[in-house]
Amino acid sequence: MTSNPIYCAIDTLDIPKAAELARAVAPHVGGLKLGMEFFYRNGAFGYAALAEIGLPIFLDLKLHDIPNTVAQGLTALMHLRPAIVNVHIAGGREMMLAARKAIDAADTKTRLIGVSVLTSLNTSDLSDIGVERSTQDQVIALARLAQSCGLDGIVCSAHEISAIRDHLGADFNLIVPGIRPTGSAVADQKRVMTPAQAMAAGADILVIGRPITQQQDPAAAAAAIAAELGL
């Protein structure tokens, strides 16, 4: 996807602050991740302000609804030409097929990624919502479903990378949040790994937010992570 696998998660709602942060880290990262908090507040106008910086954008909205609604939602977003968008695999086969069709019709080269199991969840949490598989088995099952529906890859934790590679091959894109450089706080993530460990396991993109954005010098923090990866 990119020669630099680091996508910085921009976690402020303020457009000028977000743009300032993005410009500061731009020399050291390969892309930006904009989540639902930023997009719900600022919409296409805010997206455009960040897109001007010139980095690929992962628009992390995690669409999950009936097939027609998701397809229409993606169609409405494609004028922004994001590098990556995502949907929840739990929305099912028909929803993912509709999402794939909508993106293909827009001809934007946007990659469609499926969200498997959130990195804030573990096997105990899955049991609470009626999923009796282990976290890894659930992620693999969802990854197989996503691949069969023509998705370009999935979002997963670093702990599932090796197993997914064994089952789905090297060409399926793996976007990995929950990345924490050595010494960083885990916070609300339960399945984490360092950047170097995740890349060694076979990640394609590392989504890193607070270990960069909440540091006193975000640019230096991003540069340190890039240096750790030999970039």
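Of all non-hydrogen atoms in L126 and R133, the two that sit nearest each other are CD1-O, 4.2 Å. Taking each heavy atom of P211 and I179 in turn, the nearest pair found is CG-O, 3.9 Å. Nearest heavy atom pair, residue I161 against residue A203, reads CD1-CB, 3.7 Å. Heavy-atom minimum distance, S116 versus V155: OG-O, 2.6 Å. Residue R210 comes nearest to Q215 through the heavy atom pair O-NE2, 3.6 Å, listed as atom of the first residue, atom of the second, then distance. When every heavy atom of A49 is checked against every heavy atom of I15, the shortest pair comes out as CB-CG2, 3.7 Å.
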Step by step, work out the side-chain contact (heavy atoms from CB on, under 4.5 Å) result for F172 and I154.
CA-CA 8 Å; F172 199 56; I154 68 167; 3.5 Å; yes

Between T12 and T213, does the side-chain contact (heavy atoms from CB on, under 4.5 Å) criterion hold? Intermediate values first, please.
CA-CA 9 Å; T12 176; T213 60; over 6 Å; no

Between I113 and L151, does a side-chain contact (heavy atoms from CB on, under 4.5 Å) hold up when you go through it step by step?
CA-CA 6 Å; I113 301 295; L151 271 64; over 6 Å; no

Residue pair I10, K33: steps toward the side-chain contact (heavy atoms from CB on, under 4.5 Å) verdict
CA-CA 6 Å; I10 303 298; K33 192 209 78 158; over 6 Å; no

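The aromatic rings of Y47 and F39 sit perpendicular, their planes meeting at an angle over 60°, well past the 30° parallel limit.
At a threshold of 4.5 Å between non-hydrogen side-chain atoms, the residues H167 and R144 count as touching. The shortest distance between side-chain heavy atoms of E132 and S127 falls below 4.5 Å. Between I175 and F58, some side-chain heavy-atom pair lies under the 4.5 Å cut-off. Side-chain atoms of L145 and M96, non-hydrogen and from C-beta on, do get closer than 4.5 Å to each other. You'll find the side chain of I164 reaches within 4.5 Å of the side chain of L174, heavy atoms only. With contacts defined as side-chain heavy-atom distances shorter than 4.5 Å, the pair V115/I89 does not qualify.
Under the 3.5 Å distance criterion, with hydrogens and angles disregarded, no donor-acceptor pair is assigned to the side chains of Q72 and T75. Looking only at atom types and distance, the side chain of Q138 has no donor-acceptor partner in the side chain of T135 under 3.5 Å away.
To the nearest 0.5 Å, atom CG of residue L229 and atom CE of residue M199 are 6.5 Å apart. Here Q214 contributes atom CD and L21 contributes atom CG; the two are 10.5 Å apart, rounded to the nearest 0.5 Å. Residue I6 holds its CD1 atom at 10.0 Å from NE2 of H28, rounded to the nearest 0.5 Å. Note that OG of S157 is 10.5 Å distant from CG of N122, once rounded to the nearest 0.5 Å. Taken to the nearest 0.5 Å, the CG atom of L50 stands 9.5 Å off from the CG atom of L55.
Under the side-chain contact (heavy atoms from CB on, under 4.5 Å) test applied with L74, the options L61, T110, L63 reduce to a single match, L63. Of the residues listed (D152, N173, N86), the one engaging R111 in a side-chain hydrogen bond (donor to acceptor under 3.5 Å, both in side chains) is N173, and it is the only one.
When hydrophobic clusters are built by joining Ile, Leu, Val, Met, Phe, Trp and Tyr residues whose side-chain heavy atoms come closer than 4.5 Å, directly or via intermediates, V87 is grouped together with Y40. Linking Ile, Leu, Val, Met, Phe, Trp and Tyr whenever their side-chain heavy atoms come within less than 4.5 Å leaves L13 and F45 in two separate clusters. Note on V176 and L231: same hydrophobic cluster, where clusters join Ile, Leu, Val, Met, Phe, Trp and Tyr whose side-chain heavy atoms are under 4.5 Å apart, directly or indirectly. Cluster membership check: I53 shares its hydrophobic cluster with I212, using side-chain heavy-atom separations under 4.5 Å among Ile, Leu, Val, Met, Phe, Trp and Tyr. Both L34 and M36 sit in one connected hydrophobic cluster of ILVMFWY residues. Membership requires side-chain heavy atoms under 4.5 Å apart, directly or through other members.
A salt bridge between D104 and K109 is absent, with no side-chain N of the basic residue lying under 4.0 Å from a carboxylate O of the acidic one. Using a 4.0 Å cut-off between charged nitrogen and carboxylate oxygen, R41 and D11 do not count as a salt-bridge pair.
For R93, the side chain to side chain donor-acceptor pair (under 3.5 Å) criterion is met by S148, not counting sequence neighbours. For N68, the side chain to side chain donor-acceptor pair (under 3.5 Å) criterion is met by no residue, not counting sequence neighbours. The side-chain contact (heavy atoms from CB on, under 4.5 Å) search around E94 returns P67, L97, not counting sequence neighbours.
Heavy-atom contacts from other residues, nucleotides or ligands closer than 6.0 Å to CG of D171 number 12 or fewer. Residue-environment remark: NZ (K101) stays at or below the threshold of 12 foreign heavy atoms within 6.0 Å.
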